[in-house]
Protein chains: 2
Amino acid sequence: MTVPLSRPLVLDPAGADPCAHCDARHASVCNAIPDSDMARLATTAVVVEAAPGTTFINEGDAAGCFFNITRGTAKLFKLLPDGRRQITGFVGVGHFLGLAVSDTYAFSAEAIDHVRFCRFSRTRLRALLDEYPLMEKRLLEVASNELVAAQEQMLLLGRKTARERLASFLASQSRLGVSCQHPRQRFALPMTRGDIADYLGLTIETVSRTLTKLRSEGLIEIPSTTEVVIRAPAALERLAAGAA
Amino acid sequence: MTVPLSRPLVLDPAGADPCAHCDARHASVCNAIPDSDMARLATTAVVVEAAPGTTFINEGDAAGCFFNITRGTAKLFKLLPDGRRQITGFVGVGHFLGLAVSDTYAFSAEAIDHVRFCRFSRTRLRALLDEYPLMEKRLLEVASNELVAAQEQMLLLGRKTARERLASFLASQSRLGVSCQHPRQRFALPMTRGDIADYLGLTIETVSRTLTKLRSEGLIEIPSTTEVVIRAPAALERLAAGAA
DNA sequence: GCCCGGCGTTGACGCAGATCAAGGCAGGTG
DNA sequence: CACCTGCCTTGATCTGCGTCAACGCCGGGC
């Protein structure tokens with residue numbers, strides 16, 4: 001699964017694929033590292049490719065590494081002993097995994113499509129942060145914003161109806177890559193219905209039924225199972241917010 | 001509500017009350033700041049007291065400040081327009097609020113008992129972080145660990161039964177202040193049943209009924225509504241983990 | 001072409017937890 | 001003291017979503 005490091009794309013946005021949603025190369029934490037140092041960094045990191053369905057982080061395993069996604073989309077999840085699964089997030093290019101200081105990973109990560117990521121040892125990360133304080137600043141920003149998103153998701157899981165959860169999900173998916181442009185009307189859903197269900201705390205059947213209902217009401221269109229068109233963005237947003 | 005700053009307890013553990021759970025004065029981010037600088041810092045921060053029930057952060061308000069709790073317990077929550085509420089966390093001495101860079105607060109905060117906190121302007125925080133890189137390191141650690149806790153809570157809200165949620169809640173409450181000692185058998189619940197319900201994504205009635213059931217099964221005792229005794233810690237942990 | 005397995009949709013039914021309702025208890029107030 | 005108000009508990013009933021089941025579609029292997 002490990003491929004030789006052919007070029008210094010460590011934490012480098014130039015090495016990342018363009019954002020699937022807006023064709024821009026997202027600025028990343030890497031901006032904190034001068035180009036001249038990238039090559040040197042490359043000697044201590046490993047670039048890895050993960051095929052769809054590959055689990056590349058296992059909850060409970062010794063947490064020795066820190067990851068930076070440079071291509072594709074992965075899902076993060078936690079499992080209960082009997083198999084119940086909660087997906088805590090879908091992460092794309094530029095995301096960081098394994099930040100928390102802990103002996104073991106607190107979640108698993110599985111590639112949805114073809115994923116590439118850059119892996120550092122934790123000790124190497126520490127050295128990196130010491131050397132580039134700007135990087136630490138960016139990471140703090142990133143973590144803080146993820147915390148805000150996590151709280152929003154708690155509101156969804158704890159208090160929203162199935163209908164509102166789907167509306168929230170679709171609205172947020174349409175806003176992916178919002179830094180580049182406004183919400184898109186049409187977009188792809190790379191994940192399965194099962195993934196969506198486990199992300200929203202529902203069952204596959206409820207997700208399917210609710211999407212069908214939203215379609216029959218004219219709020220959305222579903223040209224294929226992996227594609228959605230928002231027909232009534234304002235109504236969807238209102239629904240997502242818990243009004244109406 | 002604002003009281004004059006009588007002594008330099010800004011971010012200072014010596015200024016904070018002992019931890020309610022273990023009588024220790026928790027080390028905090030402040031360790032990153034030499035004592036000799038504390039007095040100077042004091043000139044730029046405000047110490048505030050909030051009586052029980054006081055809302056001292058309002059979701060949606062302009063987010064100008066950064067908070068450090070130095071006494072008491074507060075609840076953080078988000079509201080839907082029709083009044084549904086999700087409590088995203090209970091925070092005690094040493095906790096930080098308002099880290100995320102955003103125009104507005106993403107949550108509200110309300111004092112449960114008598115709360116004291118220290119407030120900085122965001123620009124002052126930035127200066128502080130520049131001056132004390134160690135503080136930034138600590139904040140990143142704190143945020144990362146909160147992220148892990150948030151993911152655990154998502155698992156609870158999305159996939160656990162009422163019974164498992166209560167068991168998880170009681171188990172984690174018994175572990176509060178675990179840095180000082182092992183889980184306690186007996187501890188206080190400063191929050192109401194309504195708060196617990198809104199934290200666990202349940203109703204008051206379900207919380208009450210489930211606690212009664214756990215009691216009748218001999219897993220816990222409830223000497224008063226604000227106090228709990230764990231009788232079968234292992235069984236409770238198993239239940240919380242989703243086994244059994 | 002055929003078969004097969006994974007994914008999605010739809011329908012019938014059941015249940016965990018929400019809702020509605022009534023009453024108990026402790027603390028505060030005049 | 002009586003009264004009130006907020007919090008908690010308990011019971012009866014309801015319902016949104018889960019569970020179980022059947023079937024259709026599509027893509028891959030041969």
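We name chains A, B, ... by the order of the sequence lines, and we start the count at 1 in each one. Quick note: numbers below take in every heavy atom, side chains included, and nothing from hydrogens, waters or symmetry partners.
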Asks: Taking the side chain from B:Ser224 and the backbone from B:Thr226, do they hold a donor-acceptor pair closer than 3.5 Å?
Replies: yes
Asks: Atom CG of B:Leu189 and atom P of D:dC7: how far apart are they, to the nearest Å?
Replies: 16 Å
Asks: Is a side-chain N or O of A:Arg193 found less than 3.5 angstrom from the main chain of A:Ser208, in a donor-acceptor match?
Replies: no
Asks: Backbone N or O of A:Val229 within a donor-acceptor pair of the A:Arg186 side chain at under 3.5 Å?
Replies: no
Asks: Among A:Asn68, A:Val48, A:Leu97, find the one that has a side-chain contact (heavy atoms from CB on, under 4.5 Å) with A:Arg119.
Replies: A:Val48
Asks: Could you state the CZ-P distance from A:Arg84 to D:dG18, rounded to the nearest angstrom?
Replies: 13 Å
Asks: Rounded to the nearest 0.5 Å, how far apart are NZ of B:Lys160 and CZ of B:Arg165?
Replies: 9.5 Å
Asks: Look at the aromatic rings of A:Phe56 and A:Phe117 and report parallel, tilted or perpendicular, splitting at 30° and 60°.
Replies: parallel
Asks: If the sugar-phosphate is the primed atoms plus P, OP1 and OP2 and the base is the rest, what is the B/S/- string for nucleotides 22-29 of chain C, using protein heavy atoms under 4.0 Å?
Replies: --------
Asks: With B:Asp198 as reference, evaluate B:Arg85, B:Arg84, B:Lys75 under the salt bridge (charged side-chain N to carboxylate O under 4.0 Å, His left out) test and give the passing residue.
Replies: B:Arg85
Asks: Angle between the end axes of the helix from C:dG1-D:dC30 to C:dG30-D:dC1, five pairs per end, to the nearest 10 degrees?
Replies: 30°
Asks: Let me know the distance between CG of A:Leu200 and C1' of D:dG18, rounded to the nearest Å.
Replies: 15 Å
Asks: How does protein reach along nucleotides 6-18 of chain C, written 5' to 3' as B (base within reach of a heavy atom under 4.0 Å), S (only sugar-phosphate), or - (no contact)?
Replies: --SBBBB----SS
Asks: Would you say the side-chain atoms of B:Thr54 pair up with the backbone N or O of B:Ala50, donor to acceptor, closer than 3.5 Å?
Replies: no
Asks: Can you confirm whether A:Leu239 sits close enough to A:Leu214 that some side-chain heavy atom of one is under 4.5 Å from a side-chain heavy atom of the other?
Replies: yes
Asks: Between the side chain of A:Lys78 and the main-chain N/O of A:Ala106, is any donor-acceptor distance below 3.5 Å?
Replies: yes
